[in-house]
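Convention: sequence-line order gives letters A, B, ...; per-chain numbering from 1. The model shown is predicted, which means the values in this text are computed figures rather than measured ones.
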Number of protein chains: 2
Amino acid sequence: MKGRILRDARKIFGEYGFHGTTTRMIAQKVGIDISTLYYHWGEKGDLYEAVVQDIFEDLRSKLVEVEKLIHGKPLSDRLKIALDIMTDYLFDNPEISNLTLFRYFAKTRSESVLEVKVPETMGNIAYSMGLVKDRKSVPVDAKIKMLALMNSIHNFISGESFFKILLDVDHEDYVKMVKETLAFIMVPAFGQGMKDIKTSE
Amino acid sequence: MKGRILRDARKIFGEYGFHGTTTRMIAQKVGIDISTLYYHWGEKGDLYEAVVQDIFEDLRSKLVEVEKLIHGKPLSDRLKIALDIMTDYLFDNPEISNLTLFRYFAKTRSESVLEVKVPETMGNIAYSMGLVKDRKSVPVDAKIKMLALMNSIHNFISGESFFKILLDVDHEDYVKMVKETLAFIMVPAFGQGMKDIKTSE
DNA sequence: AGGTGCTTCCATCAAGCGTTGGAGACTTTG
DNA sequence: CAAAGTCTCCAACGCTTGATGGAAGCACCT
């Protein structure tokens, strides 16, 4: 039950954000009384924290999976494959993108432990992309590039409902266009700008 | 007074989003009673619509200004200048980025007339970037590229408070890094991928 | 059968929300 | 000077919110 609540809370929080979500909405989605929800998770903020923690872990383990998959391949292949897999994964779990962006852009009320772990993750992505040689000491300019990369994907996932109407395409075409656009932008940038580092491998 | 309310409402809505903002917060910021606010603007949703409309017009007129400035210049210069000016402008008016992203990513409750005007704007950007030759008939793949471009900027503006801590830099360095990163990613992409169109000018 | 611990629901609370009515104050008009 | 109009605030409304206390159900052990 505790897990079921967490799973449904993810979706609701992801759609409406922290303020836009009410505990009653979550309880209704699960099909239980609100007091049952409070029994298992305590206050709303605690549940939210747990949800954020949860999606963060999911995202991180997915990134590890991708890293193993692309290891050893040439740079532009690595990037294309990673983009492809991550895009598919996030389209299947849009709450991850939604909540990540919510966390970035909406006013934070209480600083959590999570914020320390995000840079670490960005460093890991930079490493598996071959942008840096040492996982431990990642320069800020590499981190901010990975941030831009990740956010571009998140944007397209979270904005789907809006952008789909705007571009007047269906889901299938939208997914295809997103992948093409991401490749169009990212491959030249990271392919070219990184050649100096690449040759030293 | 009506204008003063609009100006302050922009900031509050931009920081906390629609649900995160209360009419009392806005009134307090302006320094008036809530009923005065209601006297001038009616219900919260109407004020919010007005705010969104307002920032949209601001953004559009700024884009027109940029278009005039870069007209006739070679492509990579156009892009660099446009990025530079828009980044500075949005750092000065972060509510524009905040509200734009909020509108894209948070659940919409009532479809507005605005949504029809956004694709038109994206088409105009694509035109002034030299991506398309005809302002009237802009293909979807050009629009989605402009969307990606604009969103990348918005992301860095809206996420500043979060990313600044994450990267452990101050405002000045952050702005510098953002500009470098945007140029790093966008210039190769649009410089290379667009050469075929460029030559036909 | 009775007790114990865990889980669920009903009823309810105080606080905060969006919103409104009405009474004053100040300016403009006759 | 009075009347009309414009603006502002105080007080309050009904409703939704996050949150809780207590009773009922259920499985398990003795």
Side-chain angles (χ1 to χ4, degrees), chain A residues 1-55 95 98-99 102-103 105-114, chain B residues 1-55 95 98-99 102-103 105-114:
Chain A
M1 169 59 47
K2 208 175 171 185
R4 240 174 72 201
I5 297 173
L6 192 69
R7 192 151 22 89
D8 286 341
R10 251 170 85 138
K11 288 174 192 153
I12 306 282
F13 274 130
E15 262 186 293
Y16 299 92
F18 182 78
H19 287 297
T21 301
T22 69
T23 52
R24 283 170 176 82
M25 285 163 73
I26 300 172
Q28 194 187 1
K29 173 101 179 175
V30 186
I32 53 166
D33 191 87
I34 14 166
S35 37
T36 307
L37 189 152
Y38 276 88
Y39 172 77
H40 286 287
W41 284 103
E43 22 175 292
K44 185 188 178 185
D46 291 346
L47 175 55
Y48 184 72
E49 277 295 318
V51 165
V52 172
Q53 184 87 32
D54 191 45
I55 64 136
E95 340 86 45
N98 292 341
L99 279 165
F102 262 125
R103 199 157 180 85
F105 303 145
K107 198 88 175 182
T108 86
R109 56 198 65 251
S110 59
E111 196 162 329
S112 80
V113 208
L114 231 66
Chain B
M1 170 58 50
K2 209 177 170 185
R4 240 175 72 203
I5 296 173
L6 192 69
R7 195 152 19 90
D8 285 341
R10 252 170 85 136
K11 288 174 193 152
I12 308 280
F13 275 130
E15 264 186 291
Y16 299 92
F18 182 79
H19 287 298
T21 300
T22 70
T23 52
R24 282 170 177 83
M25 284 163 72
I26 300 172
Q28 193 186 3
K29 173 102 181 175
V30 186
I32 54 166
D33 191 87
I34 13 166
S35 36
T36 307
L37 190 151
Y38 276 87
Y39 172 77
H40 287 286
W41 284 104
E43 25 177 290
K44 184 188 179 186
D46 291 346
L47 175 57
Y48 184 72
E49 278 295 321
V51 165
V52 172
Q53 185 87 31
D54 191 46
I55 64 136
E95 339 86 45
N98 293 342
L99 278 165
F102 262 125
R103 198 157 180 83
F105 303 144
K107 199 89 175 180
T108 87
R109 58 195 65 252
S110 59
E111 196 162 328
S112 80
V113 209
L114 231 67

(message) Can you tell me whether the side chain of B:R24 and the base of C:dG16 have a donor-acceptor pair closer than 3.5 Å?
(response)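 Absent.
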In whole angstrom, give the distance that lies between atom [atom1] of [X] and atom [atom2] of [N].
| X | N | atom1 | atom2 | answer |
| --- | --- | --- | --- | --- |
| A:H40 | D:dA19 | NE2 | P | 16 Å |
| B:Y16 | C:dC17 | OH | C1' | 17 Å |
| A:Q28 | D:dT16 | CD | C1' | 14 Å |
| B:L37 | D:dC10 | CG | C1' | 16 Å |
| A:Y39 | D:dG21 | OH | C1' | 14 Å |
| A:W41 | C:dT7 | CH2 | C1' | 16 Å |
| B:Y48 | C:dC17 | OH | C1' | 18 Å |
| A:K44 | D:dT20 | NZ | P | 14 Å |

(message) If the cut-off is 4.0 Å, is B:T23 near the phosphate of C:dG18, judged by side-chain N/O to OP1 or OP2?
(response)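 Yes, such a contact exists.
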(request) Taking only the side-chain nitrogens and oxygens of A:T36, find out if one of them lies under 4.0 Å from OP1 or OP2 of C:dC9. (result)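 For C:dC9, OP1 or OP2 has a side-chain N or O of A:T36 closer than 4.0 Å.
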(request) Check B:L6, B:T21, B:I26 against B:V51 for a side chain to side chain contact (heavy atoms under 4.5 Å, CB included) and give me the one that passes. (result) B:L6
(request) Summarise how protein sits on nucleotides 20-27 of chain C as a single string, 5' to 3': B when a protein heavy atom is under 4.0 Å from the base, S for sugar-phosphate-only contact, - for no contact. (result) BB------
(request) Identify whether the distance between the nearest side-chain nitrogen and carboxylate oxygen of B:E95 and B:R10 falls below 4.0 Å. (result)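 Yes.
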(request) State whether A:F13 and A:K44 meet the cation-pi test: NZ (Lys) or CZ (Arg) under 6.0 Å from the six-membered ring centroid, and within 45° of the perpendicular axis. (result)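 Not flagged: A:K44 not positioned over aromatic ring of A:F13.
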(request) Answer yes or no on whether B:K11 is positioned over the face of B:Y16, meaning its NZ or CZ is under 6.0 Å from the six-membered ring centre and within 45° of the axis. (result) no
(message) So does A:D46 get a backbone contact from the side chain of A:W41, meaning a donor-acceptor N/O pair under 3.5 Å?
(response) no
(message) Just so I know, are the side chains of A:R103 and A:Y48 near enough to count as touching, which here means a heavy-atom distance under 4.5 Å?
(response)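 They are in contact (side-chain heavy atoms under 4.5 Å apart), so the answer is yes.
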(request) Check every strand shown and say whether A:T22 touches a base, only sugar-phosphate, or nothing at a heavy-atom separation below 4.0 Å. (result) sugar-phosphate
Could you give the side-chain donor-acceptor pairs of residues 27-40 of chain A under 3.5 Å, partners two or more places apart or in another chain?
unit_1	atom_1	unit_2	atom_2	d
A:D33	OD2	A:S35	N	2.9
A:D33	OD2	A:S35	OG	2.4

